Amino acid sequence: MAATLQNKAEHPSPFQDVINALAAQQVLLSTPEEIRAYLDQHADLVSVLPAVGARVRQEFGEEAELSLAVYRDPEIDDHYLMLCVRQPVYDPDILARIRGVRALFEEEWNGSSGWLLVTTDFRAPRCAHAL
């Protein structure tokens, strides 16, 4: 039993690695258990998610709020990960900047079993300074 606990401590789950990487990038996880379940079903996104978070943080800076959630489409039976960018003041070119970030990862996403949408809802950040 002790060896099993020790192995878990030495080898954190891939999900925990993603959580740690996203936390370092100040990405809020609105529904961690739903995100974990989605990543369990679509494990090929685990390797790209931290890189996407880092690139979005680099593009939009520390003032932006980044929030990851599982989006469930109310009209059809579909769900996917959504990384939402919120800014205190929206730049007129925010959608072009988001498209630029998405284009960098297009090759990895095309072969993925799941989907990660980087977008904005044009709302104000929910947290002070987004951190």
Side-chain angles (χ1 to χ4, degrees):
M1 181 68 140
T4 304
L5 292 176
Q6 184 178 10
N7 284 342
K8 284 186 178 184
E10 290 174 11
H11 303 288
S13 73
F15 180 75
Q16 190 59 49
D17 291 343
V18 168
I19 295 299
N20 294 342
L22 295 174
Q25 299 154 8
Q26 293 90 32
V27 175
L28 304 172
L29 303 181
S30 54
T31 55
E33 288 309 313
E34 283 187 73
I35 294 167
R36 176 192 296 266
Y38 190 86
L39 291 175
D40 283 345
Q41 292 176 354
H42 306 285
D44 47 357
L45 286 176
V46 169
S47 62
V48 73
L49 194 52
V52 172
R55 184 62 186 99
V56 172
R57 175 59 68 203
Q58 179 184 8
E59 177 68 31
F60 292 98
E62 291 191 18
E63 290 297 313
E65 177 186 278
L66 305 182
S67 174
L68 183 67
V70 175
Y71 176 80
R72 295 190 182 282
D73 193 312
E75 296 181 10
I76 61 172
D77 184 23
D78 191 20
H79 61 286
Y80 49 85
L81 289 179
M82 182 175 76
L83 181 60
C84 189
V85 179
R86 291 186 175 137
Q87 296 182 305
V89 176
Y90 282 91
D91 300 328
D93 63 344
I94 186 171
L95 294 177
R97 292 170 65 193
I98 288 173
R99 280 191 298 273
V101 171
R102 288 193 314 222
L104 295 173
F105 297 95
E106 198 168 290
E107 190 173 307
E108 287 93 340
W109 289 338
N110 284 342
S112 171
S113 66
W115 185 252
L116 170 63
L117 175 66
V118 181
T119 191
T120 185
D121 58 9
F122 294 101
R123 294 182 182 167
R126 294 176 283 190
C127 301
H129 302 293
L131 302 176

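Everything numeric in this text was worked out from a predicted model, so none of it was measured.
- Annotation: the span from D17 atom CG to L22 atom CG amounts to 11.0 Å, rounded to 0.5 Å.
- Note that OG1 of T31 is 7.5 Å distant from CG of L68, once rounded to the nearest 0.5 Å.
- Expressed to the nearest 0.5 Å, how far CH2 of W109 lies from CG of L117 amounts to 8.0 Å.
- With rounding to the nearest 0.5 angstrom, the OG1 atom of T120 is 7.0 Å from the CD atom of Q87.
- Under the 3.5 Å distance criterion, the side-chain polar atoms of E63 are left unmatched by any main-chain donor or acceptor of P88.
- In this structure, the side chains of Q25 and L66 stay at 4.5 Å or more apart for every pair of heavy atoms.
- Note: Q41 CD to S113 OG = 8.5 Å, rounded to the nearest 0.5 Å.
- Residue pairs that meet the side-chain hydrogen bond (donor to acceptor under 3.5 Å, both in side chains) test with at least one member in residues 70-79, sequence neighbours left out, are E34-R72.
- Looking at residues two or more places apart in sequence or on another chain, you find no side chain to side chain contact (heavy atoms under 4.5 Å, CB included) involving S47.
- Residues satisfying the salt bridge (Lys or Arg N to Asp or Glu O under 4.0 Å) criterion with E33, sequence neighbours excluded, are R36.
- Taking all atoms of both residues into account, the shortest heavy-atom contact from L83 to G53 is CD2-CA, 4.4 Å.
- The salt bridge (Lys or Arg N to Asp or Glu O under 4.0 Å) contacts involving residues 112-121 comprise R86-D121, D121-R123, where partners must be two or more places apart or lie in separate chains.
- The distance from the CD atom of E62 to the CZ atom of R57 is 7.0 Å, given to the nearest 0.5 Å.
- For residues 98-109, there are no salt bridge (Lys or Arg N to Asp or Glu O under 4.0 Å) pairs, not counting sequence neighbours.
- Qualifying side chain to side chain contact (heavy atoms under 4.5 Å, CB included) partners for V46, counting only residues two or more places apart in sequence or in other chains: P14, V18, L39.
- For the pair V70 and L81, the minimum side-chain heavy-atom distance is below 4.5 Å.
- The closest side-chain heavy-atom distance from L49 to F15 is not below 4.5 Å.
- With sequence neighbours left out, D91 forms a side chain to side chain donor-acceptor pair (under 3.5 Å) with R97.
- Residues satisfying the salt bridge (Lys or Arg N to Asp or Glu O under 4.0 Å) test with R55, not counting sequence neighbours, are E59.
- Between Y38 and L45 the shortest side-chain heavy-atom distance falls below 4.5 Å.
- When the side chain to side chain contact (heavy atoms under 4.5 Å, CB included) test is applied to P32, the partners found at least two apart in sequence or on another chain are L29.
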